[in-house]
Each structure stands twice: as structure tokens, then as C-alpha cells.
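The structure under discussion appears below in the form of C-alpha cells.
Counting starts at 1 for both ligands and their atoms, following the listed order. Note that the structure is a prediction, hence the values are computed from the model and not measured.
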Amino acid sequence: MASAVQRIGVVGLGAMGAGIAQVGIEAGFEVVGREVTADLADAASGRIGHFLARKVEKGQQTQDESKAALGRLSTTTDLADLATCDLVIEAIVEELGPKRALFVELERICDAEAVLATNTSALSVTEIAAATTRPDRVVGLHFFNPAPLMPLVEVVRAELTSDEAVATALGVVERFGKVAVPCHDTPGFVVNRVLIPLLNDCVRVLDESRVEPQALDLAMTSGAAWPMGPCALLDLVGIDVHVHASEALYGRLREPRMAPPPRLVAMRDAGLLGRKAGRGFYSYG
Ligand SMILES: NC(=O)c1ccc[n+]([C@@H]2O[C@H](COP(=O)([O-])OP(=O)(O)OC[C@H]3O[C@@H](n4cnc5c(N)ncnc54)[C@H](O)[C@@H]3O)[C@@H](O)[C@H]2O)c1
């Protein structure tokens, strides 16, 4: 039952996990975040504290609210500390092997009623669930980056997910104040199924139409009313993140449009990863 969820575990406090943990504590849940080292856990808590402090500065939150939210966050390096969580959201590296191994551990550690969720972007939730003996309680909760700012969460029903697990996940997403779109477990779910081949097309058009990234972005913002140009968006997402998801979807769907264009693979290999690297299609000072 959705109302029964009080304590949420988040495994992996990287870009996504820390954002999800922040959303959880701001919505009033107790959140236990797990990282592989204490330094990484401390760094994630620090980032969350920084974002909450900024919200206080901007008048979006009071000091007391911020302090209370941070008081609901604890971190650990020991997965066993997630034993009393009603919902665990996994946000570790985007690889099937480590995710399946983690779900085997979570099944061993967590209460039989706990719902186990994955934030995978492009892997099969059904394959992750199949590592457990109770795939009915495994669901996809696909947040978008940055999780505290992006409203959408795709609630993914895998092949054997129970109605109860979906209802619990939907209830939590609602309490998070997010927009839930329930969907089935197909490669890329809804948004990435559309967006990844579309962005790949945009990059191919760069070469075919012989336009510069600035010109393509201008064309799409001015001619199609996109809020952000495709090259700027790829820089924001991270060229490596996009190529990885694109390869995963191509591997599963075998549609040529899903395959990453060679230009993006070369950029990834050269370290032109976008904003986080200071350079991608654009340079960032
Ligand atoms: N970055 C995005 O735009 C985005 C958007 C939606 C979903 N996702 C998905 O979220 C997940 C996490 O992505 P991210 O961008 O936050 O990655 P990230 O690299 O920023 O963070 C991953 C974290 O997990 C930890 N970790 C890595 N391997 C682990 C393991 N084997 N066991 C336990 N912990 C481990 C790392 O210490 C790291 O802090 C991936 O499945 C990704 O596909 C990412």
C-alpha cells in the first residue's frame, strides 16, 4: 500500500541517486542513501545540503524546512542498513550484471513486502527483476536528470510486476509531487524511445545539411519551438550518457536510428562529453 511507505532506500548517490534522495527527504520521507565509500556518501550529502541551502537563499524553502529535510537523510556504506526500507530505489551504474547482483542482495536484506525499484534508462526491468525470486515486487521508477527539477517519472511495469507494486510506486511518485506516466517495460520506455533516435537524427543532419551546431539549435528552437536546441541538450545530458543509452537501445531494438552516430562516438572517445567536461558541441567557461 502506498500509504505504508515511510522509509526509502536509495542505492548509488551519483547524479541521479542524490537527486532522488533529495526529492524523497523534501517530500517528508526518511531516506537512507547507500554509497560504496564513506567519502562518496559524504560528498552526496554535501551536494544535497548545498542545493537545499540555495533554495533557502532563493526563498523557495525556509531554514527550518531545509534543516528538517536534511534531518531525514542518513547515509551508509552498508546495504544491510536498508533492511527496514519500504521502498528501495536503485541508481547505480547502468550495467545489467551489477544491477542484477544488487537486486539479489536487496531481496536477501529487505522485508518481503518492500518494493524494489530500478532507475535504469535503457536496460530491461524484466531482466533485472528476473534475478530475484519475487519479480512481482520489482518496478521501474525512471526519473529524469536533474531529478529535483524534472517533473516526470516513468513508472515501469515489468512482465511480472504486481498491481500492488505499481500502486505503491505511483503513490510515492504522487507524494514526491512528480508527474507519473505508467508504462510497460519496452526499450527506452516512452521518452527515450522517442528522444534518443530523434537526437541521433539531429546529429546526422549536422553532417548531411552541413550546418554548425549553433545553426541547428537555432533552427530547432526558432522553427520547431523546441525549448532548447538538440546540441545544447546533448551537452547537458552528457555525450557519454547519450551514447551509452543509444548503444543499449540499438542492441535491443536493432533499429538503425537507435545506433549512435559515429560523430557522437568520436566525441565520447575524445572526452568531449558536454557541460560536465567543459567542452562538447559548445565550450563552457
Ligand atoms: N544521468 C542521467 O541523465 C540519467 C537519467 C535517468 C536515469 N539514469 C540512470 O540512473 C542510474 C545512475 O546514473 P547516474 O547518472 O546517477 O550515474 P553516476 O555514475 O552519477 O552514479 C552512480 C553511483 O552508483 C555507485 N555505484 C556504481 N557502481 C556500483 C555498484 N556496482 N554497486 C553499488 N554502487 C555502485 C557509484 O559510486 C556512483 O556514485 C543509471 O542506471 C542511469 O542509466 C541516468
I'd like to check whether [X] has a polar contact with ligand 1, where a contact means an N/O of the residue lying under 3.5 Å from an N/O of the ligand.
{"X": "Ser121", "value": "yes"}
{"X": "Gly12", "value": "no"}
{"X": "His142", "value": "no"}
{"X": "Lys99", "value": "yes"}

Which residue and atom name correspond to the protein heavy atom nearest [atom], and how close is it?
{"atom": "atom 5 (C) of ligand 1", "value": "Met16 SD, 3.5 Å"}
{"atom": "atom 33 (C) of ligand 1", "value": "Arg34 NH1, 3.3 Å"}
{"atom": "atom 1 (N) of ligand 1", "value": "Asn145 ND2, 3.8 Å"}
{"atom": "atom 29 (C) of ligand 1", "value": "Ile92 CB, 3.8 Å"}
{"atom": "atom 10 (O) of ligand 1", "value": "Asn119 ND2, 3.0 Å"}
{"atom": "atom 37 (O) of ligand 1", "value": "Glu35 OE1, 2.7 Å"}

For the side chain of [X] and the backbone of [Y], is there at least one donor-acceptor N/O pair under 3.5 Å apart?
{"X": "Arg100", "Y": "Glu127", "value": "yes"}
{"X": "Asp240", "Y": "Arg268", "value": "no"}
{"X": "Thr126", "Y": "Ala158", "value": "no"}
{"X": "Asp185", "Y": "Val125", "value": "yes"}

Provide the number and element of each atom of ligand 1 under 4.0 Å from a heavy atom of [X].
{"X": "Gly14", "result": "16 (O), 20 (O), 21 (O), 23 (C), 39 (O)"}
{"X": "Glu94", "result": "40 (C), 41 (O), 42 (C), 43 (O)"}
{"X": "Leu40", "result": "37 (O)"}
{"X": "Val93", "result": "27 (C), 28 (N)"}

Looking only at heavy atoms, is any part of [X] under 4.0 Å from ligand 1, and if so is it the side chain, the backbone, or both, or is it neither?
{"X": "Pro98", "result": "side chain"}
{"X": "Phe143", "result": "backbone"}
{"X": "Val36", "result": "side chain"}

(message) Using 30° and 60° as the class boundaries, would you call the ring planes of Phe143 and Phe176 parallel, tilted or perpendicular?
(response) tilted

(message) Looking at Glu107 and Arg134, is there a salt bridge between them, counting it only when a charged N and a carboxylate O are closer than 4.0 Å?
(response) no

(message) Could you check whether Arg72 pairs with Glu26 (Lys NZ or Arg NE/NH1/NH2 to Asp/Glu carboxylate O, under 4.0 Å)?
(response) no

(request) Report the member of Ala15, Gly19, Ala91 with the shortest heavy-atom distance to atom 22 (C) of ligand 1. (result) Ala91

(message) Would you say that Phe189 contacts Thr120 through its side chain, given a criterion of any heavy-atom pair below 4.5 Å between the two side chains?
(response) yes

(message) Quick one, Leu141 with Val155, criterion side-chain contact (heavy atoms from CB on, under 4.5 Å). Give me CA distance, side-chain angles, the key distance, then yes/no.
(response) CA-CA 5 Å; Leu141 274 179; Val155 177; 3.9 Å; yes

(message) Ignoring hydrogens, what is the shortest heavy-atom contact between Ala248 and Ala122? Give both atom names and the distance.
(response) CB-CB, 3.8 Å

(message) Counting only heavy atoms from other residues, nucleotides and ligands, does the tally under 6.0 Å from CD of Glu255 exceed 12?
(response) yes

(request) Look at atom CZ of Arg279 and say whether more than 12 heavy atoms of other residues, nucleotides or ligands are closer to it than 6.0 Å. (result) no

(message) When you measure from atom 20 (O) of ligand 1 to the protein, is at least one non-hydrogen atom found at a distance under 4.0 Å?
(response) yes

